[in-house]
Structures are given as structure tokens and as C-alpha cells.
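Below: one structure, written as C-alpha cells.
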Amino acid sequence: MIIAGRVDLDDLPRICPLLSRRTNPRYGGNQTRVVEVDGVRFGGERPVVIAGPCAVESREQTLEIARAVKGSGADMLRGGAYKPRTSPYDFQGLGREGLQILREAHQETGLPVVTEVMDVRLVEQVAEYADMLQVGSRNMQNYPLLVEVGRCGKPVLLKRGMAASLCEWLGAAEYIAKEGNLEIVLCERGIKAYPSGEYSRYSLDLSVIPAVRAETFLPVIVDPSHATGIAAMVESASRAAVEFGSHGLMIEVASDRLDAAKPRCDAAQAISPRTLRRIIHFIEARQEQLITAVHAT
Ligand code: PEP
Ligand code: MN
């Protein structure tokens, strides 16, 4: 039966000739093309950890969390200045002021910053402040936005659409690559499956990681925070993601001070800086084991 528009993995050489290993063998059978963001190497020697608040809510909150995640050993800072919210009445982010706060947090901590751009008209503005632009799950197939971030001269973190197939996801990445920007990191953030929402926010699709690595040379990371929606699951989801070959993690963190204000978005999935520290310890210890194992053979 022929169905219009249906694609599968065999169509990848046609959908994404620049990014498919089959049509672009420059990176060999299994090598990853390193994407460097201000010295942070995705697809390099060890998994990268991006951490920070869901949203930039204030200068104090963001600087506090930036210092805390730096202290926990994170490599990069995240935080939304423009937030995609289900309700238009919910907090939408601080906009340009949020970007300025992120810049200040970068200047103080040295952590490169990734933040979401939702609107094609704001790509230039966000690129002025951010070291890496995030395209969110809801915008993965916003093709004009993908073209524009492909032209912005900054690395891009492309989150997987919440119901996107691997073909659709890599097709979206190809839109960016086609504009001459190969500085793309993919991010699995959970997909909508039938039971999603019953016992976790989405369904964390760990099996996509080896598939991504087999089909393309782009680095791929995992966001265990949005995937699970439950803080108590984030640590084990992080470990599992690394075991599945993830090149990094993006994790939402909130202050654990007793008098700290509750985050205005995604509070239930935010972990403490101390838990983040444990996750980073796990990555470091695992890395040492791998190195020891290589030397032993
Ligand atoms: C985010 O990372 O801030 C976010 C909104 O995630 P997603 O696009 O995956 O829902
Ligand atoms: Mn969030």
C-alpha cells in the first residue's frame, strides 16, 4: 500500500543527505562530529551537562541557580527567557530582560548559555545574548524558524518534537544544516505515547539514542526533566540516558533553600543542586572506569 507522505529510515539519504551517515561518510561508521559551544564539546570526551532553571524569573533566582549549577560541576547554563506555555495567561518569560540576566550569569560564572527562541522575528535578538539557540519541541517543525537559526551563526540545540519520528527529527535538523550550519545538537525530551501523563509527563525514548547515533554523526543529548516531569525520576533517567550513549544531559534545577520561591514553571521536575552534583559524579566515575578499561586492554 502506498501512503502519501509516509517515510521510513530507508528514506533518510533523500531526506537528509547532509546529515545521514549513508550519504555523508566523512565521519566514518560511528564517529560523532564534535559541536563546540564556547569550549564545551558535545560529542567529545565525556557527556556534557547543561543545567539551570526552567525559566529566567528574576536576576536573583537566575544568578543563584547559575552559581549553584556551576558549583555542582555543570558545563553550561540553561533558562528560558521566552517560554512556550500551554495557557496564554501563564508566565511567558521575561523576554529581552531575561536574556540580559542570562548574559550576566554567563559573565559571572563563565558558563555558556543556551536559551529557547520561539519566533523567527527574534532569532537575531536571542543570538545576540545566547551562546547556543534552542529550538523547542513545539517548534521542531517550524521550518521558517529552522531556516533562520540555520543562518544565525550560532550552534543550535534541536529538541525532538513530542510526537516526531526519527525521520521527521533528522529532516528538521537538515533544514538547519542546509543553511550552512552544522553546529547542531539533538535533544530527546520524551514523546507522547498512549500512557503519557498517567505516571510520567512524557515517555522517555531511550532507544532513539543508539538509532540517532547509527543514522547521523550529530551529537544527541537527553532532557530527563521534561521527559519525566517528576524530580524523583530525573537522577535515574539521567544515568540510563548516559548508559544508552547520550552525549549529554539537560536538566532543570531549582534552589533548595527553604525560603526560596517556588519556580513559576515546572517546579515538580526541578532537582536540587545537590542531586545534580550526584549525577555529575556518576558521569565522572563512569568516565574514569571507561578510561581504565581502555588502558587495561
Ligand atoms: C525547555 O527546555 O525549556 C522546554 C520548554 O522544553 P520542550 O521544548 O522540550 O518542551
Ligand atoms: Mn521546563
Side-chain angles (χ1 to χ4, degrees), residues 48-57 61-62 65-66 69 74 76-88 90-95 98-99 101-102 105 113-119 122 126 129-142 145-146 149 155-164 168-169 172-173 184-193 196-197 200-206 208-209 212 220-231 233-234 237-238 241 246 248-255 262-272 276:
V48 163
V49 176
I50 305 171
C54 176
V56 175
E57 296 182 25
Q61 164 251 15
T62 303
I65 299 177
V69 303
M76 274 182 69
L77 178 66
R78 64 146 286 138
Y82 293 97
K83 294 301 301 175
R85 303 306 303 278
T86 300
S87 167
D90 287 340
F91 174 59
Q92 304 285 308
L94 296 179
L99 297 174
I101 293 169
L102 286 170
V113 163
V114 59
T115 194
E116 179 164 355
V117 58
M118 296 197 295
D119 186 330
L122 290 172
V126 177
Y129 294 93
D131 301 294
M132 183 182 215
L133 269 59
Q134 176 173 326
V135 174
S137 188
R138 291 154 192 81
N139 270 314
M140 189 206 79
Q141 283 175 308
N142 182 339
L145 181 63
L146 297 173
V149 298
V156 178
L157 183 65
L158 179 64
K159 298 194 87 175
R160 182 184 187 181
M162 57 187 77
E168 289 165 337
W169 192 12
I184 307 165
V185 176
L186 301 166
C187 179
E188 154 64 22
R189 46 78 72 210
I191 50 172
K192 280 208 177 188
S196 298
S200 65
R201 188 171 182 178
Y202 295 95
S203 297
L204 176 54
D205 184 14
L206 289 178
V208 83
I209 298 166
V212 168
V220 58
I221 68 167
V222 167
D223 171 351
S225 305
H226 292 92
T228 63
I230 299 172
M233 290 186 181
V234 168
S238 298
S246 179
L249 300 166
M250 179 153 86
I251 302 177
E252 289 189 350
V253 173
S255 170
K262 188 170 160 272
R264 294 175 74 180
C265 41
D266 291 348
Q269 70 194 29
I271 61 167
S272 66
L276 179 69

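Note that ligands are numbered from 1 as they come in the structure, with each ligand's atoms numbered from 1 the same way. The basis for the numbers below is simple: all heavy atoms, side chains too, and nothing from hydrogens, waters or symmetry mates.
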Original post:
Which protein residues have a heavy atom closer than 4.0 Å to any atom of ligand 1, listed by chain and number?
Top reply: Arg78, Lys83, Pro84, Glu116, Gln134, Gly136, Ser137, Arg138, Lys159, Arg189, His226, Met250
**OP:** With rounding to the nearest 0.5 Å, note down the distance linking CD in Gln134 to OG1 in Thr115.
**Re:** 7.0 Å
Original post:
Any Lys/Arg nitrogen of Arg78 or Glu116 sitting under 4.0 Å from an Asp/Glu carboxylate oxygen of the other?
Top reply: no
Original post:
Going from CG on Leu276 to CD on Glu252, what distance comes out if it is rounded to the nearest 0.5 angstrom?
Top reply: 12.0 Å
Original post:
Just by distance, do the side chain of Glu57 and the backbone of Arg264 share a donor-acceptor pair under 3.5 Å?
Top reply: yes
Original post:
In Asp266, which N, O or S atom comes closest to the Mn ion (ligand 2)?
Top reply: OD2
Subject >> Listed partners of Ser137 passing side-chain contact (heavy atoms from CB on, under 4.5 Å), at least two apart >> reply: Met162, Arg189
Subject >> Nearest to the Mn ion (ligand 2) - the N/O/S atom of Glu252, by atom name >> reply: OE2
Subject >> Backbone or side-chain N/O/S of His226 under 2.8 Å of the Mn ion (ligand 2) >> reply: yes
Subject >> Lys83 bridged to Asp266 by N-O distance under 4.0 Å >> reply: no
Original post:
Counting only N and O atoms by type, is there a donor-acceptor contact under 3.5 Å from the side chain of Gln61 to the main-chain atoms of Ala55?
Top reply: yes
